[in-house]
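Since we're looking at a predicted model, the values are computed, not measured. For the numbers below, each heavy atom of this structure counts, side chains included, while hydrogens, waters and symmetry mates do not.
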Amino acid sequence: GLAEREDTRLAAIREAEESRRRAEKVDVEVASARARLEALRRDTEQMRDELARDEAAEETRVAQQANLEREKGTRRVQDAQDALEKTSADAVAIGAEIARLQTGLALEKECIAGL
């Protein structure tokens with residue numbers, strides 16, 4: 001009768017309390033899992049940002065290196081053109097000197113022949 005109903009009621013209360021404790025434990029585990037997921041999401045976002053910065057820095061470095069190589073190539077071409085112009089000028093001067101010497105030699109031969 002009354003004792004059985006009281007036992008049943010107490011058993012139901014104990015079961016409800018146990019269910020509440022299990023639910024609280026699950027709530028804590030879910031909150032912990034959410035916190036871990038959020039931390040992983042932040043870490044992933046940070047890694048993406050770092051990767052994007054690293055890629056941009058590498059692209060900049062490569063572009064700067066390419067510019068330096070182009071500038072070196074332009075300087076080498078200019079240096080070669082300058083050397084060619086000087087060599088050409090030297091060749092013209094040497095040719096003029098040879099012509100002057102040949103003319104002087106011819107005059108000396110004429111003078112000697114005329115003596």
Side-chain angles (χ1 to χ4, degrees):
L2 189 56
E4 284 181 12
R5 279 194 299 234
E6 183 61 22
D7 288 345
T8 302
R9 186 181 72 78
L10 289 175
I13 290 171
R14 281 192 299 273
E15 190 175 317
E17 283 294 318
E18 183 60 32
S19 291
R20 184 186 57 77
R21 280 193 293 277
R22 284 193 305 266
E24 286 175 353
K25 183 178 177 186
V26 168
D27 286 345
V28 168
E29 290 172 357
V30 167
S32 177
R34 283 185 180 145
R36 286 192 307 271
L37 286 173
E38 180 60 23
L40 289 171
R41 187 198 61 74
R42 283 192 309 267
D43 289 348
T44 300
E45 188 64 29
Q46 182 179 359
M47 285 183 208
R48 281 188 190 128
D49 291 346
E50 289 173 2
L51 179 61
R53 281 192 302 273
D54 290 349
E55 287 174 344
E58 180 64 13
E59 287 175 11
T60 298
R61 188 194 68 73
V62 168
Q64 289 172 340
Q65 187 65 34
N67 284 336
L68 286 174
E69 291 301 322
R70 269 192 297 279
E71 289 172 7
K72 285 180 186 176
T74 300
R75 279 195 303 272
R76 286 185 193 128
V77 167
Q78 186 61 49
D79 290 347
Q81 287 173 339
D82 292 348
L84 179 61
E85 289 173 9
K86 183 179 181 329
T87 301
S88 296
D90 289 348
V92 168
I94 290 171
E97 180 67 14
I98 289 172
R100 186 186 68 74
L101 290 173
Q102 286 175 336
T103 302
L105 182 60
L107 286 175
E108 280 186 37
K109 283 182 182 178
E110 285 181 24
C111 285
I112 291 174
L115 291 175

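Expressed to the nearest 0.5 Å, how far OG1 of Thr87 lies from CD1 of Ile94 amounts to 9.5 Å.
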Report all side-chain donor-acceptor pairs from residues 72-81 shorter than 3.5 Å, counting only partners two or more places apart or in another chain.
from	atom 1	to	atom 2	distance (Å)
Thr74	OG1	Arg70	O	2.9
Gln78	NE2	Asp82	OD1	2.8

Anything under 3.5 Å between a donor and an acceptor, one on a side chain of residues 44-54, the other on a protein residue two or more places apart or in another chain? List them.
from	atom 1	to	atom 2	distance (Å)
Thr44	OG1	Leu40	O	2.8
Gln46	NE2	Glu50	OE2	3.2

Only pairs under 3.5 Å count here: list side-chain donor-acceptor contacts from residues 10-17, not counting sequence neighbours, and write none if there are none.
from	atom 1	to	atom 2	distance (Å)
Glu17	OE1	Arg20	NE	3.3
Glu17	OE1	Arg20	NH2	2.6

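In this structure, Glu4 places its CD atom where only 12 or fewer heavy-atom neighbours from other residues, nucleotides or ligands lie under 6.0 Å away.
Looking at residues two or more places apart in sequence or on another chain, you find a side chain to side chain donor-acceptor pair (under 3.5 Å) between Glu58 and Arg61.
Sorted by first and then second residue, the side-chain hydrogen bond (donor to acceptor under 3.5 Å, both in side chains) pairs involving residues 95-115 (not counting sequence neighbours) are Glu97-Arg100.
Between Arg21 and Glu24, none of the side-chain N atoms (NZ, or NE/NH1/NH2) sits under 4.0 Å from a carboxylate O, so this pair counts as no salt bridge.
Residue Val30 shares its hydrophobic cluster (ILVMFWY side chains chained together at separations under 4.5 Å) with Val26.
Residue Ser32 is tested with Arg36, Glu29, Arg34 for a side chain to side chain contact (heavy atoms under 4.5 Å, CB included); the sole match is Arg36.
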